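Take a look at the structure set out below.
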Amino acid sequence: MTYLPYGKAASRPWSVEITPSLAGWTYSGLRVAHLGGDPVSFSTGEEEMLVLPLSGSCTVTCGAERFELTGRASVFASPSDFAYIPISTDVTVEGSGQIAFPSARATRRLAPRYVPASAVPVEIRGAGQASRQVNNFCAPGVFECDKLVAVEVLTPGGNWSSYPPHKHDTLHEGEAVLEEIYYFEVAGDGLGYQRVYSSERGQIDTLAEVSSGDVVLVPYGYHGPSMAAPGYDLYYLNVLAGPADERSMAFCDDPRHAWIRSSWEGQDIDPRLPFGRTS
């Protein structure tokens with residue numbers, strides 16, 4: 001199963017709980033909690049983890065460390081500050097809002113850390129109706145983890161992202177092997193669409209209508225486009241991890257559609273980007 005509508009992957013206290021065993025793979029995971037009453041306490045076990053407010057704010061306590069996360073009003077308002085929690089750590093999170101916990105099975109135990117929102121690199125990719133924003137908060141070369149990679153992608157209504165379709169499921173020069181999770185939020189209770197289809201690694205065929213809280217799993221295969229319906233901005237949190245010692249997001253475009261990148265030359269960036277600007 002690659003498409004998990006909201007509620008399908010719920011397990012108290014989590015509104016979303018994707019573990020490697022549930023996904024049928026080895027590394028990538030994601031949990032989401034709605035805070036507002038009791039704190040959430042757990043042990044990270046063999047997973048390194050991020051604490052990322054999607055909306056609201058929270059306090060993270062792990063051992064002697066305590067991090068105050070200011071958070072944000074919504075995923076469309078701005079990037080958020082976040083915390084990193086290593087493997088084999090007891091954690092308590094309390095606050096108010098919707099909090100995501102991207103994770104990956106890991107072996108190195110790194111130090112707990114806090115990163116302010118001001119330190120999150122914001123990138124604009126594509127052009128025209130393929131314009132989108134990427135918040136590279138936990139990308140390789142930006143933030144150190146053992147296995148975990150995570151980024152946020154925001155796509156204005158009517159635009160396409162994860163485009164041209166690409167894959168990262170075969171180890172060779174220019175491509176990494178990664179398990180990938182897409183977690184969606186859609187503005188205004190709207191809808192979007194996500195495509196995943198077969199590669200030489202295996203058969204897969206998903207075209208899902210997605211709304212807030214839905215999840216699409218990509219164990220292999222080409223994925224994209226992610227389509228934001230006109231009138232509804234689309235957000236997704238990508239969580240990726242794989243077997244390589246060195247973290248990478250290297251991918252291979254579907255050769256039938258790779259020419260699309262050259263078509264962006266001379267096109268303007270969508271003026272609705274970036275999200276959350278103040279001027």
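For the numbers below, each heavy atom of this structure counts, side chains included, while hydrogens, waters and symmetry mates do not. Numbering starts at 1 and runs along the sequence shown. Computed from a predicted structure; not experimentally measured.
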Of all the heavy-atom pairs spanning [X] and [Y], show the shortest one and how long it is.
{"X": "Pro164", "Y": "Ala258", "result": "CG-CA, 4.4 Å"}
{"X": "Pro255", "Y": "Tyr222", "result": "CD-OH, 3.7 Å"}
{"X": "Ala100", "Y": "Leu30", "result": "CB-CD1, 4.4 Å"}
{"X": "Pro20", "Y": "Glu47", "result": "CD-OE2, 4.0 Å"}
{"X": "Ala208", "Y": "Val216", "result": "CB-CG2, 4.4 Å"}
{"X": "Asp169", "Y": "Gly221", "result": "OD2-N, 2.9 Å"}

If you round to the nearest 0.5 Å, how far is [atom2] of [Y] from [atom1] of [X]?
{"X": "Tyr6", "Y": "Ser211", "atom1": "OH", "atom2": "OG", "answer": "10.5 Å"}
{"X": "Leu4", "Y": "Tyr183", "atom1": "CG", "atom2": "OH", "answer": "12.5 Å"}
{"X": "Leu207", "Y": "Tyr193", "atom1": "CG", "atom2": "OH", "answer": "8.0 Å"}
{"X": "Leu191", "Y": "Met227", "atom1": "CG", "atom2": "CE", "answer": "10.5 Å"}
{"X": "Ile269", "Y": "Arg132", "atom1": "CD1", "atom2": "CZ", "answer": "9.5 Å"}
{"X": "Ile204", "Y": "Thr2", "atom1": "CD1", "atom2": "OG1", "answer": "5.0 Å"}

Examine distances only and state if a side-chain atom of [X] and a backbone atom of [Y] form a donor-acceptor pair shorter than 3.5 Å.
{"X": "Ser28", "Y": "Glu180", "value": "no"}
{"X": "Ser212", "Y": "Val186", "value": "yes"}
{"X": "Arg125", "Y": "Glu123", "value": "no"}
{"X": "Tyr220", "Y": "Gln203", "value": "yes"}
{"X": "Asp233", "Y": "Ala187", "value": "no"}
{"X": "Ser55", "Y": "Ala73", "value": "no"}
{"X": "Asp270", "Y": "Gly128", "value": "no"}
{"X": "Gln194", "Y": "Val210", "value": "no"}
{"X": "Gln133", "Y": "Phe275", "value": "yes"}

- [ ] Determine, stepwise, if the pair Phe101 / Val51 fulfils side-chain contact (heavy atoms from CB on, under 4.5 Å).
- [x] CA-CA 5 Å; Phe101 300 81; Val51 184; 3.9 Å; yes
Do [X] and [Y] belong together in a cluster built from hydrophobic side chains that touch within less than 4.5 Å?
{"X": "Ile181", "Y": "Leu54", "result": "yes"}
{"X": "Val149", "Y": "Val215", "result": "no"}
{"X": "Leu237", "Y": "Trp25", "result": "yes"}
{"X": "Leu234", "Y": "Leu273", "result": "no"}
{"X": "Leu110", "Y": "Met49", "result": "no"}

Less than 4.5 Å apart, side chain to side chain, heavy atoms only: is that true for [X] and [Y]?
{"X": "Arg195", "Y": "Ser162", "result": "no"}
{"X": "Val40", "Y": "Trp14", "result": "yes"}
{"X": "Asn238", "Y": "Met249", "result": "no"}
{"X": "Tyr197", "Y": "Asp254", "result": "yes"}
{"X": "Leu52", "Y": "Ser80", "result": "yes"}
{"X": "Val115", "Y": "Phe137", "result": "no"}
{"X": "Tyr27", "Y": "Leu178", "result": "no"}
{"X": "Pro79", "Y": "Val122", "result": "yes"}

TODO: Could you go through the salt bridge (Lys or Arg N to Asp or Glu O under 4.0 Å) check for Lys167 and Glu175 one step at a time?
DONE: CA-CA 8 Å; Lys167 69 182 182 74; Glu175 183 178 354; 2.9 Å; yes
- [ ] Please work out which of the three classes, parallel, tilted or perpendicular, describes the rings of Tyr182 and His223, given edges at 30° and 60°.
- [x] perpendicular
TODO: Look at the aromatic rings of Phe76 and Tyr235 and report parallel, tilted or perpendicular, splitting at 30° and 60°.
DONE: perpendicular
- [ ] Evaluate side-chain contact (heavy atoms from CB on, under 4.5 Å) for Glu46 paired with Ile87, printing each intermediate quantity in order.
- [x] CA-CA 5 Å; Glu46 61 183 351; Ile87 61 174; 5.5 Å; no
Open item on the list: Using ring-ring contact (aromatic ring centres under 6.0 Å, His included), reason through Phe82 and Phe143 one step at a time and then give a plain yes or no.
Closed with: CA-CA 11 Å; Phe82 67 96; Phe143 184 79; 5.2 Å; yes
TODO: Any chance you could lay out the salt bridge (Lys or Arg N to Asp or Glu O under 4.0 Å) test for Lys147 and Glu179, step after step, and finish with the verdict?
DONE: CA-CA 11 Å; Lys147 296 291 187 183; Glu179 308 158 349; over 6 Å; no
Task: Asp146 and its salt bridge (Lys or Arg N to Asp or Glu O under 4.0 Å) partner, picked from Arg247, Arg108, Arg105, Arg109 - done: Arg108
Task: Residue pair Ser131 / Arg272, side-chain donor-acceptor N/O under 3.5 Å - done: no
Open item on the list: Determine whether Thr155 and Ser226 satisfy the following criterion, side-chain contact (heavy atoms from CB on, under 4.5 Å), listing intermediate values before the conclusion.
Closed with: CA-CA 9 Å; Thr155 309; Ser226 302; 5.6 Å; no
TODO: Give a yes or no on whether a salt bridge exists between Arg72 and Glu152, defined as a side-chain N under 4.0 angstrom from a carboxylate O.
DONE: yes
Open item on the list: According to side-chain contact (heavy atoms from CB on, under 4.5 Å), who are the partners of Ser43, at least two apart in sequence or on a separate chain?
Closed with: Asp90
- [ ] Given side-chain contact (heavy atoms from CB on, under 4.5 Å), test Tyr84 with Glu48 step by step and report yes or no.
- [x] CA-CA 8 Å; Tyr84 172 85; Glu48 60 181 350; 2.5 Å; yes
- [ ] For atom CD of Glu65, decide whether the heavy atoms of other residues, nucleotides or ligands shown that lie under 6.0 angstrom number more than 12.
- [x] yes
